[in-house]
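Shown next, in structure tokens, is the structure this report addresses.
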Amino acid sequence: MSRNELPFRPDVARLAGYVPGEQPRESGWVKLNTNENPYPPSPGVVAALKQAAEGRLNLYPDPLGVEFCRVAGEALGVDPEWILPGNGSDEILTILMRTFVDAGQRIAYPYPSYVLYETLAEIQGAVVDRIPLTDDWSWPVDDARQRLQGCRLLLVPNPNSPSGNRFPDEDLKAIVPDGGVLVLDEAYGDFVDVPHRGELLHAAECQRRMVLTRTLSKSYSLAGLRLGYGVAHPDLVAGMRKVKDSYNCDTLSLAAATAALGDADWMIENTRKIRATRQRLVDGLVDRGFDVVPSQANFVWATHPDGEHDRRFELLKQQRVLVRFMVFAAEEPRRDGLRITVGTDDQIDRLFEALDGIGS
Ligand SMILES: *Cc1c(COP(=O)(O)O)cnc(C)c1O
């Protein structure tokens with residue numbers, strides 16, 4: 001090591017680092033780039049935050065979040081021991097890597113999907129196998145099974161991002177890696193047309209071999225709060241608890257998230273509105289010449305036959321409409337396009353005006 005080199009671990013020195021979507025600080029933007037919910041959280045959340053803030057902030061929080069686990073478990077029909085709360089579901093992903101993957105071991109994830117998995121694996125010194133999705137964004141089940149030998153974790157967003165499609169349960173049961181764990185990242189699970197309650201966890205193929213991750217960030221309108229959770233057989237949760245920080249969730253987020261889950265009707269009404277707007281968004285984009293993947297999430301993946309996605313992204317941005325321009329360049333053919341969050345009807349009208357302003 002030369003004198004000027006900083007003493008990073010080689011894995012960290014090599015790392016490009018995950019780049020989250022832009023968060024402009026000034027108002028006036030139509031922000032459709034990071035899949036936040038355009039509606040506020042339940043009023044019960046603010047009441048719970050006030051109450052918790054006036055309580056005992058001098059004391060450490062409940063290290064296990066017992067009350068949160070009780071409410072989350074009830075919602076999913078499992079015992080509280082199946083729930084592991086975290087500082088956003090991203091932290092649960094970090095805990096999964098640290099619990100199940102040693103340096104040099106392999107993880108896999110579908111490509112294109114959530115590239116944060118890759119960053120987390122690289123920090124751990126793990127080897128990453130991208131499993132290319134087919135042109136219509138479905139699983140190459142047979143091909144994938146071959147490649148999953150010796151894989152410690154297979155991480156799958158469902159619905160997928162950036163495409164928004166949902167993989168069928170039958171495909172998922174078929175890809176639980178031998179000797180490893182299937183992680184289903186259900187960040188967008190509440191936006192599907194036919195919701196479920198984690199039934200797959202109880203399928204014979206998945207017992208003690210599968211972890212669901214969920215978040216309050218998207219459907220519950222609480223991205224600013226940081227609370228997500230894992231759901232898994234208590235034997236798996238027990239191992240993950242050994243790895244997590246003692247106080248990984250604070251008193252305020254636990255109180256707020258518990259109140260949010262307790263008012264599921266509020267979330268259901270918001271997701272209903274978002275699904276209705278999603279249809280308007282899809283129809284409007286198709287009218288303007290885009291191809292749109294059928295979405296079960298609160299965003300859509302739109303491509304245009306002329307391929308000028310970067311240009312559209314910039315021209316929209318000049319009009320203060322922010323969407324996400326994404327490029328996925330693997331061994332497979334490069335794919336790029338625009339991932340557009342479903343906002344309010346007014347926000348989507350602003351997007352359409354802006355698109356029409358640039359000749360779509
Ligand atoms: C938004 C998102 C998350 C992160 O959720 P947090 O709980 O806010 O950390 C995880 N996975 C996917 C696929 C996401 O899009």
Side-chain angles (χ1 to χ4, degrees), residues 18-23 31-38 41 45 65 68 72 83-98 107-121 123 130-131 133 137 153-167 172 182-192 211-231 240 244-245 248-250 252-254 256-258 260-261 267 271 274 278 293 295-301 323-324 326 328 337-343:
Y18 180 73
V19 184
E22 276 178 81
Q23 296 288 348
K31 197 172 170 307
L32 306 174
N33 67 332
T34 49
N35 299 343
E36 289 131 329
N37 197 309
V45 167
F68 174 83
I83 309 293
L84 180 74
N87 179 32
S89 57
D90 283 351
E91 192 205 10
I92 302 295
L93 299 172
T94 298
I95 294 172
L96 282 161
M97 290 292 172
R98 295 174 60 205
I107 70 122
Y109 79 112
Y111 194 85
S113 75
Y114 192 35
V115 291
L116 176 71
Y117 305 140
E118 193 154 330
T119 307
L120 297 178
I123 294 171
R130 296 172 171 179
I131 299 188
L133 295 172
W137 298 90
L153 288 183
L154 168 61
L155 300 118
V156 182
N158 201 35
N160 189 35
S161 171
S163 49
N165 61 309
R166 185 171 192 280
F167 303 118
L172 298 171
L182 170 64
V183 178
L184 278 193
D185 179 344
E186 298 193 330
Y188 303 103
D190 289 323
F191 297 101
V192 301
V211 177
L212 293 184
T213 64
R214 294 203 156 187
T215 179
L216 285 275
S217 298
K218 316 275 169 52
S219 57
Y220 284 92
S221 311
L222 287 174
L225 193 81
R226 310 309 301 137
L227 205 296
Y229 56 103
V231 190
M240 294 169 69
K244 81 176 188 74
D245 288 349
N248 61 325
C249 300
D250 61 88
L252 295 179
S253 347
L254 285 169
T258 306
L261 286 188
M267 177 279 285
T271 52
I274 288 167
R278 179 172 77 199
V293 180
S295 172
Q296 291 281 295
N298 67 334
F299 56 84
V300 301
W301 178 250
V323 299
R324 190 86 163 256
M326 295 177 121
F328 296 92
L338 300 177
R339 195 191 68 183
I340 307 174
T341 304
V342 181

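When a ligand or atom number is given, it counts from 1 through the structure's own listing order.
With hydrogens left out, the protein atom closest to atom 15 (O) of ligand 1 is Tyr188 OH, 2.5 Å, a heavy atom. If you check which protein heavy atom lies closest to atom 5 (O) of ligand 1, you get Ser89 OG, 3.1 Å.
When the options Glu186, Arg226, Glu36, Lys218 are ranked by their closest heavy atom to atom 9 (O) of ligand 1, first place goes to Arg226. Nearest-residue assignment for atom 7 (O) of ligand 1 (options Leu225, Thr215, Val115, Asn160; heavy-atom criterion): Thr215.
The one candidate from Leu96, Thr215, Leu93 that meets the side chain to side chain contact (heavy atoms under 4.5 Å, CB included) condition with Asp185 is Leu93.
Geometric assessment of Arg214 against the ring of Tyr229 yields a negative cation-pi assignment under the 6.0 Å and 45° thresholds.
Within the listing of ligand 1, atoms 7 (O), 9 (O) sit less than 4.0 angstrom from a heavy atom of Gly88. Less than 4.0 angstrom separates some heavy atom of Ser217 from each of these atoms of ligand 1: 6 (P), 7 (O), 8 (O).
A donor-acceptor pair is defined here as one N or O able to donate and one able to accept, closer than 3.5 Å; such a pair exists between the side chain of Arg324 and the backbone of Asn33.
Close N/O approach between Tyr117 and ligand 1 is not found [any backbone or side-chain N/O within under 3.5 Å]. An N or O contact shorter than 3.5 Å is missing between Ser161 and ligand 1 by distance. Backbone and side-chain nitrogen or oxygen atoms of Asp90 are examined, and one is located within less than 3.5 angstrom of a nitrogen or oxygen of ligand 1.
Across Asn37 and Ser219, no two heavy atoms sit closer than the pair ND2-O, 3.3 Å. Smallest separation of non-hydrogen atoms from Ser253 and Arg226: CB-O, 4.0 Å.
Between Tyr188 and Phe191, the ring planes lie tilted relative to each other; the angle falls in the 30° to 60° range.
Within the 4.0 Å heavy-atom shell around ligand 1 one finds Asp185.
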Verdict with supporting geometry, Asp90 and Tyr114, side-chain hydrogen bond (donor to acceptor under 3.5 Å, both in side chains): CA-CA 11 Å; Asp90 283 351; Tyr114 192 35; 3.0 Å; yes
